[in-house]
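First comes the structure, then the notes that go with it.
Positions are given from 1 along the sequence.
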Amino acid sequence: MVDPYPTLDEMLSLVKDIHEGKLVLPEFQRNFVWANPDIQSLLVSLLNGYFIGTLLFVRRGESFDFKIRYFEGVNDVNETLPQEPIEKSVDRAVLDGQQRLSALFYAVYAPKSVAPKGSTYPIRYFVNVYDRLNGEDWEECIKPYSENDRTRNIEVNLGGERRKISFKELLDLAGNFNALLERQEFKQWCFENWLIPFTILKDRAKLDDWLEDFGSYLYNEKSKSYEEIKELKRKIKELFDEWFKFKVPTLTLENKSLPEVAEIFERINRTGVELSVFALATAVFFKEGINLRDWWKGYYESESPIRNFCNEDDEEFPKIILQIMALLQGKEVKKRVLVDAKQLKVDRQKWDEACQLLDNALRRVQNTISGYGVIKPDMLPYKPIITTLAGLLKYCKTDKDFKKLDVWYWSSVFTERYAGASDTAIKQDFENVKEWLADDSKIPAVIVDAQNRIGQMDLRKSEKGALCKAILNLIALKGAKDFLSGQYVDLAKLNDHHIFPKRSGIKLTNENSILNRTLIAEKTNKHILKKKPSQYIKEMEEKLGGEDRVREILKSHLISDEAFSSMKTDNYEEFLKAREKEIITEMRARITMSFWEGSCKRSHANNRKEISWENSKTSRKV
């Protein structure tokens, strides 16, 4: 299969195609979600001639593999089009680039029924050419006006009387923004303030017409000479050279099925094009009468822990739901399977089951009593491991099953198994652990590998990544009591900080090693920020009632008695050795069945004792 090569299309021509209904959207695409700052940023990029990325289209001849629709607002500004696009009249559909194209269409065509995200009313854009001609950056020259702007700062002639009225009052007089552009009093105000509406910048002809009227104003009202006006018009036209000649790289897939689109996209994704597997899957199953994006929205808005891990516009967790469904059907979890309706069977019952299993997996990883201690979303070692965990939870029935699940989980994160080809690891681990649940002798290779490797790990060199997150998760499970109060604290207030502070005055090597880090509240960290351990430990002993109590608190941070002794003497090197020994011991225990068999009773099946995340914050239930 030969990949398509990018061509260069004029950006304004593409927007014209949107207006004429020739360039459309797949029905499954999200609506326009950019806010006013995003739109202004795009306009500045186009005016400066900056690269804005590649656009991805698909052309399907007489028929698409999916239902299509117009861009938002097209029916407002082109009443000659039918209510819904007719496929034979459509040239291409946008797979990636909708937000950029929608933003430009919105700015230059001003549809009345569309408003940017976060705005109740439409916003109209102008450019101040006087400021630009006098050296201002484009960022300072773009002037947005809300259609609900009630500030009476626009001075116009109304009925022969000079009055100050608001932008909203002007719109009310005209009926809508496009009608306002034709009113002489509005044009007069624009000319007086050297403002050009972006709707005039659809093409050069409209700008020429506007400048002709502007020239008449300068001649009649400002007594400018013909030569002065001619030179000024030339300079203004020159300002917009980059704008009118702006071209964007586009890739158009010709006569490709959606599975082929997915395969091509996987190879060209390095070019910066953004297209998700979930978007492709949504297109495929829309043809089957299934709107996956609506299902995802309903799930996201339910009482689910998913809201703590991602935003509604996330594309990764919806993909994970599809992967869970694939696992339960005995399929691989690769892209080609997820976007093929012949391989992956999707219905509401299967979707709901996968969502429930995902909920169970997320609750388990954030549980700080019998789970995995992920107290914040960014402390999850690997997102793909959630797929395997969710699928396996369906087959865990007994306490012993959950113990095996825990051993597999920690073995996987300690060996960083999901750092590479995660799709392969997901499928292999799902099958291998499921087999182990049924037969004690079928120990998965990842567990044997972890047991062999842990003793050889050099944690001193570990400063970031999944292994560091996993160790911080272990500390959360230990309790991570506050250094100053000795109490459990709201886990949302704990952050990753140094034990031997960088500014303590002690010479440190590998100061960012995970061995020198733990979970400390921000207030406590500020208190010890410039102190040696020997200094703040002395304060701890005085405040908390002695050395034994301090030892107890530090053990909740995986700091052993030996490491504690090194802290009291500010012996950094000996501290690292002692703490590494303690962490390795804890890691080794987590991947042996004897640890779980000898531990306190856990509520594996329902995870009743767990942390709760509210507004993405975490609090310990004690």
Side-chain angles (χ1 to χ4, degrees), residues 368-369 373-376 378-379 459-460 462-464 468-587 611 617-622:
T368 55
I369 302 298
V374 179
I375 62 172
K376 296 179 181 180
D378 59 3
M379 288 178 64
L459 298 183
R460 184 172 182 141
S462 293
E463 297 185 356
K464 58 184 179 180
C468 290
K469 292 178 182 181
I471 291 171
L472 292 172
N473 296 161
L474 289 177
I475 293 169
L477 291 172
K478 284 293 183 180
K481 294 180 181 179
D482 184 63
F483 279 17
L484 297 181
S485 69
Q487 302 300 308
Y488 291 117
V489 296
D490 183 344
L491 290 174
K493 296 179 180 178
L494 295 181
N495 290 300
D496 179 3
H497 290 300
H498 295 81
I499 300 169
F500 276 68
K502 288 184 176 182
R503 298 162 67 182
S504 65
I506 300 173
K507 185 177 180 180
L508 306 175
T509 58
N510 300 108
E511 66 270 18
N512 294 322
S513 168
I514 189 61
L515 299 177
N516 188 36
R517 286 153 46 200
T518 191
L519 297 171
I520 301 175
E522 197 63 38
K523 182 179 179 181
T524 300
N525 182 61
K526 289 180 180 179
H527 182 79
I528 70 173
L529 190 60
K530 299 180 181 179
K531 297 179 180 179
K532 298 177 181 179
S534 61
Q535 294 173 318
Y536 69 72
I537 282 179
K538 185 176 180 181
E539 293 181 15
M540 290 172 68
E541 290 176 346
E542 292 173 354
K543 186 172 183 178
L544 299 173
E547 183 176 298
D548 289 346
R549 176 67 174 142
V550 174
R551 288 178 185 270
E552 175 196 339
I553 291 165
L554 293 182
K555 283 179 181 177
S556 71
H557 293 264
L558 290 177
I559 297 174
S560 64
D561 288 342
E562 184 181 355
F564 169 73
S565 298
S566 300
M567 291 174 69
K568 291 198 70 172
T569 60
D570 296 324
N571 191 326
Y572 180 65
E573 293 299 323
E574 291 302 315
F575 168 78
L576 293 183
K577 293 176 184 177
R579 192 153 192 255
E580 182 173 48
K581 186 190 302 181
E582 183 71 6
I583 291 175
I584 290 290
T585 298
E586 180 68 20
M587 291 169 65
I611 63 172
K617 294 184 178 180
T618 314
S619 60
R620 172 180 286 275
K621 293 182 179 178
V622 187

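There is no side-chain donor-acceptor pair under 3.5 Å between E573 and S566. For the residue pair K376/N495, the side-chain donor-acceptor check at 3.5 Å is satisfied. With no hydrogens or angles considered, a side-chain donor-acceptor pair links D482 and S485 at under 3.5 Å.
T518 is not listed as a side-chain neighbour of L558, based on a closest heavy-atom distance of 4.5 Å or more. With a 4.5 Å cut-off on side-chain heavy atoms, F575 and I559 count as touching. Side-chain contact between I375 and L519 is present, with at least one heavy-atom pair separated by less than 4.5 Å. Side-chain contact between L554 and M567 is present, with heavy atoms from C-beta onward closer than 4.5 Å.
In terms of heavy atoms, D570 sits closest to S534 at OD2-OG, 2.6 Å. The heavy-atom pair separating Q535 from K530 by the smallest distance is OE1-O, 4.5 Å. Taking all atoms of both residues into account, the shortest heavy-atom contact from I553 to G486 is CD1-CA, 3.4 Å. The shortest heavy-atom contact between A480 and L494 is CB-CD1, 4.0 Å. A476 and G373 make their closest contact through CB-O, 3.6 Å (heavy atoms, listed as atom of the first residue, atom of the second, distance). In this structure, H497 and I520 approach most closely via the heavy-atom pair CD2-O, 3.3 Å.
Within the structure, salt bridge (Lys or Arg N to Asp or Glu O under 4.0 Å) pairs that include any residue of residues 551-563 comprise K481-E552, E547-R551, R549-E552, R551-D561, K555-D561, E562-K581 (at least two apart or interchain). Screening residues 507-527 for salt bridge (Lys or Arg N to Asp or Glu O under 4.0 Å), with sequence neighbours left out, gives D496-R517.
The aromatic rings of F483 and H557 stand perpendicular to each other, their planes meeting at an angle above 60°, with 30° marking the opposite boundary.
In terms of modelled atom types and a separation under 3.5 Å, the side chain of K469 and the main chain of D378 share a donor-acceptor contact. Between the side chain of N516 and the backbone N or O of N512, no donor-acceptor pair lies under 3.5 Å. Between the side chain of R579 and the main chain of A563, no donor-acceptor pair closer than 3.5 Å is present.
Put simply, CZ on F500 and CG on N571 are 7.0 Å apart, with the number rounded to the nearest 0.5 Å. Between the CG atom of L515 and the NZ atom of K577 there is a distance of 12.5 Å, given to the nearest 0.5 Å. How far CG of L544 is from CD1 of I537: 11.5 Å, rounded to the nearest 0.5 Å.
A salt bridge between E582 and K478 is absent, with no side-chain N of the basic residue lying under 4.0 Å from a carboxylate O of the acidic one.
The ring pair (Phe, Tyr, Trp, His ring centres under 6.0 Å) search around H498 returns none, not counting sequence neighbours.
Exactly one of I499, T524, L529 qualifies for a side chain to side chain contact (heavy atoms under 4.5 Å, CB included) with Y536. That residue is I499.
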